[in-house]
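Here the structure comes first, spelled out in structure tokens, and everything after it is commentary.
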Amino acid sequence: AIKPTNAAYDFKLVDASDDIIFYSDTGNKKIGIGTSTPAGVMEVTKEQGYPQLAISSYTSSAWQGGYLWFRRASGTKSSPTDVTNGFALGHNDFWAYSGSAYVRAGLFGAFVDGAPSGDGVGITYKWTSSQNGNLMQLKNNGNLGIGINNPVHHLVVSGTGDQVMKVESDDENAELH
């Protein structure tokens, strides 16, 4: 059933048990799916089980799969301007409840790497942990750093202790080149 709420133009869609299916908070420009108190512009909540967000595509074209699109500009929507080096283009944050509050556990993100041009924008991917800092970084130039920011070689592994990197194989004739 669709039910108007007290706020002008807000509404909610509920099931037979009066549980929220969809909630529109027009005053704050927020949408809730499974919640009437969305924390962000849109929140998907499920009390029990897995809250899944599915993006499906049914096509025979190789390039028309489901995708999530992140766009970033400076300025305003009506007058966008260039992004600059280091700007976050989009990221997924992972949070865990610590008994009294949600705390950030880590993130995976894409960041502008260099100055944008007509040919596109360079990108750096970062995987971080709130406890261990930068875990891995893949730069626009193909350099991969594990445990280090701004790797200057194709592969840079940095750590502490007596064993920073270990390569194993069950094959006694295996070689590392």
Side-chain angles (χ1 to χ4, degrees), residues 28-33 35 38-46 50-169 174-177:
N28 293 308
K29 298 182 180 177
K30 294 181 178 183
I31 293 174
I33 298 175
T35 179
V41 174
M42 181 172 145
E43 180 177 345
V44 178
T45 299
K46 186 173 182 183
Y50 300 105
Q52 298 175 3
L53 180 61
I55 301 173
S56 302
S57 175
Y58 304 94
T59 179
S60 58
S61 173
W63 288 99
Q64 292 182 347
Y67 64 92
L68 186 58
W69 193 7
F70 293 89
R71 296 191 328 170
R72 171 72 191 268
S74 292
T76 64
K77 185 175 181 180
S78 62
S79 184
T81 59
D82 289 350
V83 293
T84 59
N85 189 41
F87 272 33
L89 296 174
H91 51 84
N92 294 319
D93 276 341
F94 300 93
W95 294 72
Y97 193 72
S98 68
S100 60
Y102 283 95
V103 294
R104 176 186 267 167
L107 71 82
F108 165 74
F111 300 84
V112 175
D113 188 358
S117 69
D119 296 330
V121 175
I123 194 168
T124 291
Y125 295 100
K126 295 180 183 180
W127 294 262
T128 65
S129 160
S130 60
Q131 291 182 344
N132 300 314
N134 188 31
L135 299 177
M136 187 164 58
Q137 187 174 102
L138 177 60
K139 300 287 286 180
N140 182 45
N141 59 9
N143 291 350
L144 175 64
I146 300 174
I148 188 170
N149 288 318
N150 299 313
V152 295
H153 301 289
H154 289 302
L155 176 62
V156 178
V157 179
S158 178
T160 59
D162 61 354
Q163 190 174 44
V164 174
M165 187 168 86
K166 184 176 185 178
V167 179
E168 292 183 343
S169 174
E175 297 180 19
L176 182 60
H177 296 274

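Predicted model only: the values in this text are computed from it and were never measured.
Atom OH of Tyr125 sits in a sparse spot, with 12 or fewer heavy atoms from other residues, nucleotides or ligands closer than 6.0 Å. Under a cut-off of 6.0 angstrom, the local environment of CZ in Phe70 is crowded, with over 12 non-hydrogen atoms contributed by other residues, nucleotides or ligands.
Separating the CG atom in Asn141 from the NE2 atom in His154 is a distance of 8.0 Å, to the nearest 0.5 Å. Taking CD1 of Ile123 as the reference point, atom CG of Asn140 lies at 8.0 Å (rounded to 0.5 Å). Put simply, OG1 on Thr124 and CG on Asn85 are 8.0 Å apart, with the number rounded to the nearest 0.5 Å.
Here the side chains of Ile146 and Val156 are not in contact, with every heavy-atom distance at 4.5 Å or above.
Contact detail for Ser74 and Asp82: the closest heavy-atom pair is OG-O, 3.3 Å. For the residue pair Val121 and Val112, the shortest heavy atom distance occurs at CG1-CG1, 3.8 Å. Of all heavy-atom pairs between Pro151 and Gln137, the closest is CD-OE1, 3.7 Å. The minimum heavy-atom distance linking Trp95 with Arg104 is given by the pair CE3-N, 3.2 Å. The two residues Val83 and Arg72 make their nearest non-hydrogen contact at CG1-O, 3.4 Å. Nearest heavy atoms, Phe108 versus Phe94: N-CE1, 4.2 Å.
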Verdict with supporting geometry, Ile33 and Thr45, side-chain contact (heavy atoms from CB on, under 4.5 Å): CA-CA 6 Å; Ile33 298 175; Thr45 299; over 6 Å; no
